[in-house]
Asks: 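This is the structure I have questions about; it appears just below.
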Amino acid sequence: MSGVPELPEVETVRQGLERFVVGRSVADAQVLHPRAVRRDPAGPAGFAAAMAGRHLERARRRGKYLWITLDDDEALLAHLGMSGQMLVGDPERPLSPHVRARFTFTDGGADLRFTDQRTFGHLCLVPVKEGVPAPIAHIAPDPLEDAFDPAVFAARIARRRTGIKRALLDQSLISGVGNIYADEALWHARLHWARPTELLKPAEVSRLLAATREVLTDALRAGGTSFDSMYVNVNGESGYFGRSLEAYGREGEPCSRCATPIRRDTFMNRSAYSCPRCQPRPRHPHW
DNA sequence: TCCGGCACCTGTACGC
DNA sequence: TGCGTACAGGTGCCGG
């Protein structure tokens, strides 16, 4: 199975869309699985009809959301979910079983296929207000955007009453951080995932933010796929699998700083990996 | 308003 | 071998 698209992979996809589909006009749109457009009030037929003939202007991203602007007021919004990919290639090639939506273009060139094994991803045609698609207006900027304000982030963290990892995963506070990079950022910042947000020192919050930016930036650099031809996958498969992770998925392996075995805890029916020595458990954990 | 918990989905790994 | 179950994950939604 290929990896979950994290922010660096989504950015790679955005760049691929910018290169291969932006500037072209949709001839025909097909929805092959209704769940792919479940967030679109127009439904599969309405979505497909509304996409036909549209000109694709720019590919943009916030956190793990992607959108292609269609004009000043509307955009095609996409989330890759757990397994989504955007594939660009020969329009005559056979349809693979997990293609959920397909777009052909008026120039007759390569088509665009949204494939998604586990169907957590989705597409929808949405209004844009002040440069942001309406359904994601509640999402905070991601830490690599100019719009991200560290002071606002710190102030909001201080008002929270929860654990720091939960806060890192809350897209309304900071977007684009998933389970993997949350654990990695916390390891770099030497903070335990259950540290109560309201008790974090300002220096710890800024350390965490710096670590978050660092892991995302490193991943972006390592995950940058080059697109040599139109017929490559516009996805981010060379993402975190190509890098060494310090905490995530390393239960029992020695911490690279202190050699203590990495610990795995159950967290939100999932996992949290940390170094028991570098990231000591707080006195009053917020599980 | 804030917070925690769960539904959604399917391929893979593992135990009996 | 084959079956059943646990697990992986982000996000929207619901209830307290």
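Letters A, B, ... are given to chains in the order of the sequence lines, protein chains preceding strands, and every chain is numbered from 1. Please read all numbers here as calculations on a predicted model, not as lab measurements.
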Asks: Do L200(A) and W287(A) belong to the same hydrophobic cluster, where Ile, Leu, Val, Met, Phe, Trp and Tyr are linked whenever their side-chain heavy atoms lie under 4.5 Å apart, directly or via other members?
Replies: yes
Asks: Quick one: do the R102(A) and Q30(A) side chains pair a donor with an acceptor below 3.5 Å?
Replies: yes
Asks: Using C1' atoms of five pairs at each end, report the bend of the helix from dC2(B)-dG16(C) to dC16(B)-dG2(C) rounded to 10 degrees.
Replies: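 It works out to 50° between the end axes.
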Asks: OP1 or OP2 of dC8(B) sitting under 4.0 Å from any side-chain N/O of R35(A)?
Replies: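 For R35(A), the contact criterion (side-chain N or O under 4.0 Å from OP1 or OP2 of dC8(B)) is not met.
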Asks: When the aromatic ring centroids of W187(A) and W193(A) are compared, is their separation below 6.0 Å?
Replies: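 So the answer is no for these two rings.
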Asks: Is it the case that the side chain of Q171(A) and the backbone of I139(A) share a donor-acceptor pair, with hydrogens and angles ignored and the cut-off at 3.5 Å?
Replies: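 Side chain of Q171(A) to backbone of I139(A): no pair is present.
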Asks: It should be established whether S271(A) places a side-chain nitrogen or oxygen under 4.0 Å from OP1 or OP2 of nucleotide dC7(C).
Replies: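 False: S271(A) side-chain N/O out of range (4.0 Å or more) of dC7(C) OP1/OP2.
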Asks: Which atom pair, heavy atoms only, marks the closest approach of S83(A) to Q117(A)?
Replies: OG-N, 3.4 Å
Asks: To the nearest Å, how far apart are L80(A) CG and dC9(B) C1'?
Replies: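 Those two atoms, CG and C1', are 16 Å apart.
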Asks: Among the nucleotides dC3(B), dA8(C), dG5(B), which one has an atom lying closest to any side-chain atom of R166(A)?
Replies: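 Closest nucleotide to the R166(A) side chain: dG5(B).
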Asks: So, the side chain of R35(A) versus the backbone of T119(A): is there a donor-acceptor pair under 3.5 Å, distance only?
Replies: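 Side chain of R35(A) to backbone of T119(A), a donor-acceptor pair under 3.5 Å: yes, one is there.
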Asks: dC3(B) phosphate, OP1 or OP2: any side-chain N/O from R160(A) under 4.0 angstrom?
Replies: yes
Asks: Which pair of non-hydrogen atoms, one from T69(A) and one from A75(A), has the smallest distance, and what is that distance?
Replies: CA-CB, 4.0 Å
Asks: Where along nucleotides 10-16 of chain C does protein come under 4.0 Å, by heavy atom, of base (B) or sugar-phosphate alone (S), with - for untouched nucleotides?
Replies: BSSS---
Asks: State which of dG11(B), dG5(B), dA8(C) makes the closest approach to the side chain of H98(A).
Replies: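 Nearest listed nucleotide: dG11(B).
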Asks: Evaluate whether atom CG of D71(A) has more than 12 neighbouring non-hydrogen atoms of other residues, nucleotides or ligands under 6.0 angstrom away.
Replies: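 Yes, because the 6.0 Å sphere around CG of D71(A) holds more than 12 heavy atoms from other groups.
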Asks: Would a single hydrophobic cluster contain both F47(A) and L32(A), if residues Ile, Leu, Val, Met, Phe, Trp and Tyr are joined by side-chain heavy-atom contacts under 4.5 Å?
Replies: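 No, it is not one cluster - the side chains of L32(A) and F47(A) are not joined through contacts under 4.5 Å.
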Asks: Which part of the nucleic acid does R264(A) contact within heavy-atom distance under 4.0 Å: base, sugar-phosphate only, or nothing?
Replies: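 Sugar-phosphate: the residue R264(A), judged by heavy atoms under 4.0 Å, touches backbone atoms but no base.
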Asks: Verify the contact: side-chain N or O of T162(A) to OP1 or OP2 of dG4(B), cut-off strictly under 4.0 Å; return yes or no.
Replies: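 Indeed, a polar side-chain atom of T162(A) lies that close.
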